[in-house]
*Asks:* 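Sharing a structure with you now.
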Amino acid sequence: MTEGQKEMTVPYIPGDGIGADIMSATRRVLDAALESTTDAAARIRWTEVLAGEKAFGQTGSWLPEETLGAIRASGVAIKGPLTTPVGGGIRSLNVSIRQRLDLYASVRPVRHYRGVPSPVKEPEKLNVVIYRENTEDVYKGIEWRRGSEEALGLIRYLRDSWGIELTEDTGIGLKPVSEAASKRLVRAALNFAVKKGRPVVTLVHKGNIMKYTEGAFMEWGYELAREEFKDVTVFEDDLPGRGIEFIPEGKVLVNDRIADNMLQQVLTRPDEYSVLAAPNLNGDYLADACAAQVGGLGIAPGANIGDGVAVFEPVHGTAPKYAGKNIANPCALILSGALMLEYLGYDEASAAVETAVESALSDGVMTSDLAKLTDAGKSVGTREFGEAVTDRLA
Ligand code: NAP
């Protein structure tokens with residue numbers, strides 16, 4: 001380390017399957033990005049922390065407490081994908097990490113990178129960041145099998161107390177949506193929009209049918225905007241027309257769309273949207289549909305953000321058949337790393353990573369998953385793709 005350099009500790013979980021391959025390519029790219037920009041005053045001290053199969057093999061625990069402690073202490077971490085253990089009482093390690101650290105906002109930026117094949121004609125028109133509530137709604141997993149004691153008990157209770165008739169072969173799920181969780185998610189989306197100069201925050205909901213959960217999410221979102229962001233927000237009724245050009249300089253338009261309409265709006269009017277805030281289930285559908293529009297999950301980065309702690313990870317899973325073969329596409333993890341640099345305040349290094357990835361892809365340097373969809377025909381390995389990105393950062 002040179003004099004005056006700031007060192008920050010970043011815990012990383014390589015992950016299972018292809019995780020180790022894509023993590024080593026990513027770490028090299030992020031180091032090179034910091035070195036190549038004025039953010040060179042900063043250096044990452046990488047510390048490996050355990051989760052998943054490696055953790056279970058070494059400690060007997062899928063998610064050791066030390067791992068969560070190290071992430072809390074650093075306030076940040078980057079992780080590869082983890083296998084969901086079969087049995088063992090853990091629904092999903094990823095869900096456990098999000099719940100234990102209260103990472104309440106799932107953040108998924110979606111934009112097109114030149115050179116990436118897409119199913120639509122003008123993929124570059126979509127450039128949105130999706131804020132999805134990460135702790136409640138269907139993520140709570142409150143469900144009972146048909147015929148179970150709980151399901152039958154609830155059916156009886158609903159009939160006896162409120163005259164609601166359900167047949168006994170009904171499975172039951174609950175969809176809790178609270179004011180506090182909805183507001184903190186919308187607050188995070190609005191803070192992001194204001195900070196980054198993104199002109200629109202759209203509340204996405206199915207409030208026409210689910211009035212007291214989805215509809216309430218929308219109402220609480222507007223209420224929060226009026227109460228806490230009064231000076232910087234405008235609403236559709238305030239504007240003379242539709243379209244970003246009508247939004248006054250320095251203001252954020254807060255509007256809402258019903259979820260099914262939103263799924264067509266991102267296809268028919270993609271350039272009218274910039275930040276989408278949604279409850280859990282709608283946000284889930286929307287994030288994957290948007291990712292598909294710009295080239296698929298293989299390159300989609302993500303972050304799970306709470307108050308003072310954030311974990312960055314690709315959207316895809318462990319793709320076990322490619323593990324250790326130098327085949328997997330590291331783009332999604334590299335771009336998740338770029339998000340992490342931005343979160344840490346290294347905007348220049350973050351932008352440099354994005355530019356270098358785009359430059360490699362538009363030069364036709366691609367791993368086989370993308371190359372097979374283009375005319376390029378030729379593909380490179382995980383390591384070589386990482387080197388191509390690093391070379392472009394020099
Ligand atoms: P997956 O691992 O994402 O893989 C599905 C397919 O997507 C792969 O067979 C491969 O397609 C392609 N793929 C995904 N990532 C790729 C990459 N980086 N480079 C190239 N191709 C890639 O999904 P899955 O098979 O449903 O899940 C496998 C395991 O991952 C499960 O244990 C699941 O629980 C876990 N998972 C973890 C996370 C997470 O940690 N956040 C997320 C999702 C799933 P082709 O076969 O077409 O080549």
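Counting convention: from 1, in listed order, for ligands and their atoms alike. The basis for the numbers below is simple: all heavy atoms, side chains too, and nothing from hydrogens, waters or symmetry mates.
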*Asks:* Heavy-atom distances under 4.0 Å decide this one: backbone, side chain, both or neither, for T318 against ligand 1?
*Replies:*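 Near ligand 1, T318 shows its backbone as well as its side chain.
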*Asks:* Check whether more than 12 heavy atoms from other residues, nucleotides or ligands sit under 6.0 Å from atom CD of E168, and answer yes or no.
*Replies:*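 Open.
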*Asks:* How far is atom 34 (O) of ligand 1 from its nearest protein heavy atom, and which residue and atom name does that atom have?
*Replies:*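 The answer is T84 OG1, 2.8 Å.
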*Asks:* What atoms in ligand 1 come closer than 4.0 Å to a heavy atom of E313?
*Replies:* 41 (N)
*Asks:* Taking only heavy atoms of V315, which atoms of ligand 1 are found under 4.0 Å from at least one of them?
*Replies:* 42 (C)
*Asks:* With heavy atoms of K321 as the reference, note each atom of ligand 1 found under 4.0 Å away.
*Replies:* 9 (O), 45 (P), 46 (O)
*Asks:* Can you report which non-hydrogen protein atom sits closest to atom 45 (P) of ligand 1, along with the distance?
*Replies:* Y322 OH, 3.7 Å
*Asks:* List every atom of ligand 1 that sits less than 4.0 Å from any heavy atom of I18, numbering the atoms from 1 in the order shown and giving each element.
*Replies:*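 Per the distance check, 17 (C), 18 (N).
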*Asks:* If we ignore hydrogens and angles and just use 3.5 Å, is the side chain of E48 paired with the main-chain N or O of L50 as donor and acceptor?
*Replies:* no
*Asks:* Is the shortest distance from a heavy atom of I327 to ligand 1 less than 4.0 Å?
*Replies:*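 The answer is no: ligand 1 sits nowhere under 4.0 Å from a heavy atom of I327.
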*Asks:* Between D260 and K206, is there a side-chain heavy-atom distance shorter than 4.5 Å?
*Replies:*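 They are in side-chain contact.
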*Asks:* For atom 36 (N) of ligand 1, is the nearest protein heavy atom closer than 4.0 Å?
*Replies:* yes
*Asks:* Indicate if L267 and I130 have the same hydrophobic cluster label, given that clusters are the connected sets of ILVMFWY residues with side-chain heavy-atom separations under 4.5 angstrom.
*Replies:*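 No; I130 is not reachable from L267 via cluster members.
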*Asks:* Counting only heavy atoms, which portion of L297 has something under 4.0 Å from ligand 1: side chain, backbone, both, or neither?
*Replies:*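 Neither part.
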*Asks:* How are the rings of F192 and Y131 set to each other: parallel, tilted or perpendicular (split at 30° and 60°)?
*Replies:* tilted
*Asks:* Atom 25 (O) of ligand 1: which protein heavy atom is closest, and how many Å away?
*Replies:* P320 CD, 4.9 Å
*Asks:* Nearest protein heavy atom to atom 5 (C) of ligand 1: under 4.0 Å?
*Replies:* no
*Asks:* With heavy-atom distances below 4.5 Å as the criterion, would you say the side chains of W46 and I78 are in contact?
*Replies:* yes
*Asks:* Does any N or O atom in G317 lie less than 3.5 angstrom from one in ligand 1, N or O only?
*Replies:*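 For ligand 1, there is an N or O atom that lies under 3.5 Å from one belonging to G317.
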*Asks:* Within a distance of under 4.0 Å, is there any protein heavy atom near atom 43 (C) of ligand 1?
*Replies:* yes
*Asks:* Could you check whether atom 48 (O) of ligand 1 has a protein contact, counting only heavy atoms that fall below 4.0 angstrom?
*Replies:* yes
*Asks:* Does ligand 1 come near enough to G80 that some N or O of the ligand is less than 3.5 Å from an N or O of the residue?
*Replies:*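 Among all N and O atoms of G80, none is under 3.5 Å from an N or O of ligand 1.
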*Asks:* Any side-chain heavy atom of M366 within less than 4.5 Å of one from V116?
*Replies:*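 Contact flag for M366/V116 side chains = no.
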*Asks:* Search all heavy atoms of I155 against all heavy atoms of T167 and return the closest pair with its distance.
*Replies:*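 The pair with the smallest heavy-atom distance is CD1-O, 3.6 Å.
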*Asks:* Output yes when K325 and D21 qualify as a salt bridge under the 4.0 Å nitrogen-oxygen rule, no when they do not.
*Replies:*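 Looking at K325 and D21, the cut-off is not met.
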*Asks:* Below the 3.5 angstrom mark, is there an N/O of N329, backbone or side chain, next to an N/O of ligand 1?
*Replies:*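 N329 vs ligand 1: N/O contact under 3.5 Å present.
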*Asks:* Quick check: does T83 get an N/O under 3.5 Å from an N/O on ligand 1?
*Replies:* no
*Asks:* Can you see whether Y139 has R132 sitting over its ring - NZ or CZ less than 6.0 Å from the centre and within 45° of the normal?
*Replies:*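 Geometry flag: set, cation within 6.0 Å and 45°.
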*Asks:* Taking all non-hydrogen atoms of both residues, which atom of N280 and which atom of E136 are closest, and how far apart?
*Replies:* CB-O, 3.6 Å
*Asks:* Is it true that the side chains of N94 and K79 contain a donor and an acceptor less than 3.5 Å apart?
*Replies:* yes
*Asks:* Should the pair R111 and Y113 be classed as cation-pi, given the thresholds of under 6.0 Å to the six-membered ring centre and 45° from the axis?
*Replies:* yes
*Asks:* May I ask you to identify the nearest protein heavy atom to atom 39 (C) of ligand 1, giving residue, atom name and distance to one decimal place in Å?
*Replies:* N94 ND2, 3.1 Å
*Asks:* Looking at atom 14 (C) of ligand 1, what's its closest protein heavy atom, distance included?
*Replies:* H316 CB, 3.8 Å
*Asks:* Examine ligand 1 and decide if any of its atoms is less than 4.0 Å from a heavy atom belonging to A319.
*Replies:*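 Per 4.0 Å heavy-atom rule, A319 contacts ligand 1.
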